[in-house]
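Below is one structure; the comments refer to it alone.
First the proteins, then the strands, lettered A, B, ... as listed; each starts at 1.
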Amino acid sequence: MHELAVEGSAVQHLLDQRAPLVRAGGGELGTKDQLVVGHASTLRNGRPAAQAPGRADPNDSPASRRGPYAVASVSDDQRSAAAGSLDEQRRIRADKVAALRTAGVDPYPDRFERSATSSALQTRFASLEPGSETGVEARVAGRVMLRRNMGKLIFLTIQDLDGTLQLFVSKADLGEDRFAAVAEVDLGDWVGAVGEVITTRKGELSVKVAELRLLAKALRPLPDKWRGLSDTDTRYRQRYVDLIVNEEARQTFRVRHQAVRSLRHQLDEEGFVEVETPVLQLEAGGATARPFVTHHNALDQEMFLRIALELHLKRLVVGGIERVYEIGRVFRNEGISTRHNPEFTMVEVYWALANYDDMIGLTERMICRAAADATGGYVVAHPDRPGETIDLTPPWPRRRIVELIAERTGETVSVHDPVEQLHAVCDRLGVAYEDWWGSGKLVYAIFDKKVEDTLGHDRPMFAFEYPAEVSPLAKPSPADPENTDRFELFIGGKELANGYSELNDPVRQRAMFEMEVAAAEHGDDEAARTVDEDYLRALEFGLPPTGGLGVGIDRLAMLLAGQPSIREVILFPTLRPEQPDSDEGDEGDEG
RNA sequence: GGGCCGCUAGCUCAUCGGGUAGAGCAGGGGACUUUUAAUCCCAAGGUGCCGGGUUCGAGCCCCGGGCGGCCUACCA
């Protein structure tokens, strides 16, 4: 059994190195049926098996990597994995692959012509009597999720892109050999079936299989068919498995997709142009946050991943793209929590000739439409308060931040108060501050710490009139240059959107940049460390009066999908490495 | 980053006043021509996250580490 001294092809050699599972044994199956003919040295082409398991897969446990199959030259007795273990289950499935190949059946065939999806059939044949035969032939395909083996009958439940469907397999229909082949199908395999649409005696819509084809063999077992997969870590790391077994996960990402699509439709209908701007930037501006730093080799240039979309989009408004938006990933090198992922998605919108008031209206239109399209209504579950709901029906209230501070804390404050007076207020309220903060930053700190999380629990709330000191890119209010025409939207105590009339005076903008640089020198490591000269040059060509808006897509998705954690709405959230491997060792344990 | 909690079979979970572990599903063998998480019978399946320590003896107690969750701190 072990004359694995293989034929000389390089691909074959590679396969032997990479896919020991495919070779493993076959002896145990020897008593079973015609499938077992020999081992896989009869492989006809290398390509499918090159994606063989057990390699390049960081999810393998140390045990399985060290396990007997990881070594090319193990003997048979070394190879006996514990019965029922993962290794054993994978080996049995790999043996089936080998046996199929030997029998001339490709376990990873090329394509399958599907005539109907599960939900299409469920819809079309919604009201058939039990025991019906339709005379309609269907070609269906999906992943085997359940199998009920009944002697001379087999029921398979397959799952495809939009639902599930039962396959009815009868030995009388298929004959001994082909029925036996169906019995070899494992949970998790992809199959295609051809047959008549029927209902069973119990009334279950089914395809009565005349032909069943394995479309892709699964080598790993699925999680518990009833309890599914609940370990959050595994769900995030192996999202593919999560999506296979958890309908809620699929639903969450459908909602997210609908919401994004809806935003795009709304903006497109209002004449906005979608663009893409650089992720790699020489200076990361447009927000206060620490950036990721990287390096371009050919240019020998330090670069930053963007922290916002703002500055490039406004350059485009200067360029005459008067209504412009981007839905894009931004990166902030800060903490990770249920509300923060290092990379997240924002939509930013810029609208020439409009102001912050127009942007408030646009925000309402966009989010209401997204809610309606993604959830079918305006009432959503409160993300943090079980049983409570938030009513998104517009219009939403708008309040000045100083009014909200007075209402929630009893303190009357203004950006014109002397800092000493505001320090006293902060002390009374227990709000921390730095010596070098001005009145604007102090007022904002009070709002941030004491007011924000109280907003938007019944219905969304716009807060407006933010201090200029914390709004370096916003236009000063005509009546009071210490404040700006800026708003933020709060829903469920969380900031969901931020917008303003854009600062388009290049002289004031330069002054604001220089203030930020000074703040950075004071030790504010989130402030911009450089003046973006190119952006100022653009402003000197003339930015028209412009309204701007940013909406956090992930938070919107959390709201609409009713998910309390941002990791539930990001397919592959940022996680620590699965196995810090001391052998690789080029990254120390400190960053 | 701080506090609390968790990590046991592929999955979901048990167990005990410290005496080297059980179940369901999945997997293996068998029965079954209308199942629906099919059912029934049989036999298997474990470095108890990792590393130390205490102890005659540690999955359990202690220390260190890893990963995750929740709360908290920051931005969105």
Under 4.0 Å between a side-chain N/O of [X] and OP1 or OP2 of [N], yes or no?
X      : N     : answer
A:K225 : B:C25 : no
A:R237 : B:G68 : yes
A:R567 : B:G69 : yes

Select base, sugar-phosphate, or nothing to describe what [X] touches, counting heavy atoms under 4.0 Å on all strands.
X      : value
A:R147 : sugar-phosphate
A:A172 : base
A:D448 : sugar-phosphate
A:G151 : base
A:Y236 : sugar-phosphate

**Asked** Any side-chain heavy-atom pair from A:L153 and A:K171 closer than 4.5 angstrom?
**Response**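 With C-beta onward as the side chain, the pair stays apart.
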**Asked** Are the side chain of A:K450 and the backbone of A:L429 linked by a donor-acceptor contact shorter than 3.5 Å?
**Response**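 Yes.
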**Asked** Just by modelled atom types, is the A:E452 backbone N or O under 3.5 Å from a matching donor or acceptor in the A:T454 side chain?
**Response** no
In whole angstrom, give me the gap between the [atom1] atoms of [N] and [M].
N     : M     : atom1 : value
B:C49 : B:A14 : P     : 14 Å
B:G6  : B:U12 : C1'   : 15 Å
B:G65 : B:G29 : P     : 47 Å

**Message:** Under a 4.0 Å threshold between the charged nitrogen and the carboxylate oxygen, would A:K494 count as salt-bridged to A:D384?
**Reply:** yes
**Request:** Mark yes or no: A:R239 above the aromatic ring of A:F572, with NZ or CZ under 6.0 Å from the six-membered ring centre and no more than 45 degrees from the axis.
**Result:**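 The answer is no; the distance or angle limit is not met.
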**Asked** Can you give one letter per nucleotide of nucleotides 2-11 of chain B, 5' to 3': B if a protein heavy atom sits under 4.0 Å from the base, S if only from the sugar-phosphate, - if neither?
**Response** --------BB
**Request:** Assert yes or no for the condition that the ring centre distance of A:Y350 to A:Y325 is strictly below 6.0 Å.
**Result:**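 No, ring centres 6.0 Å or more apart.
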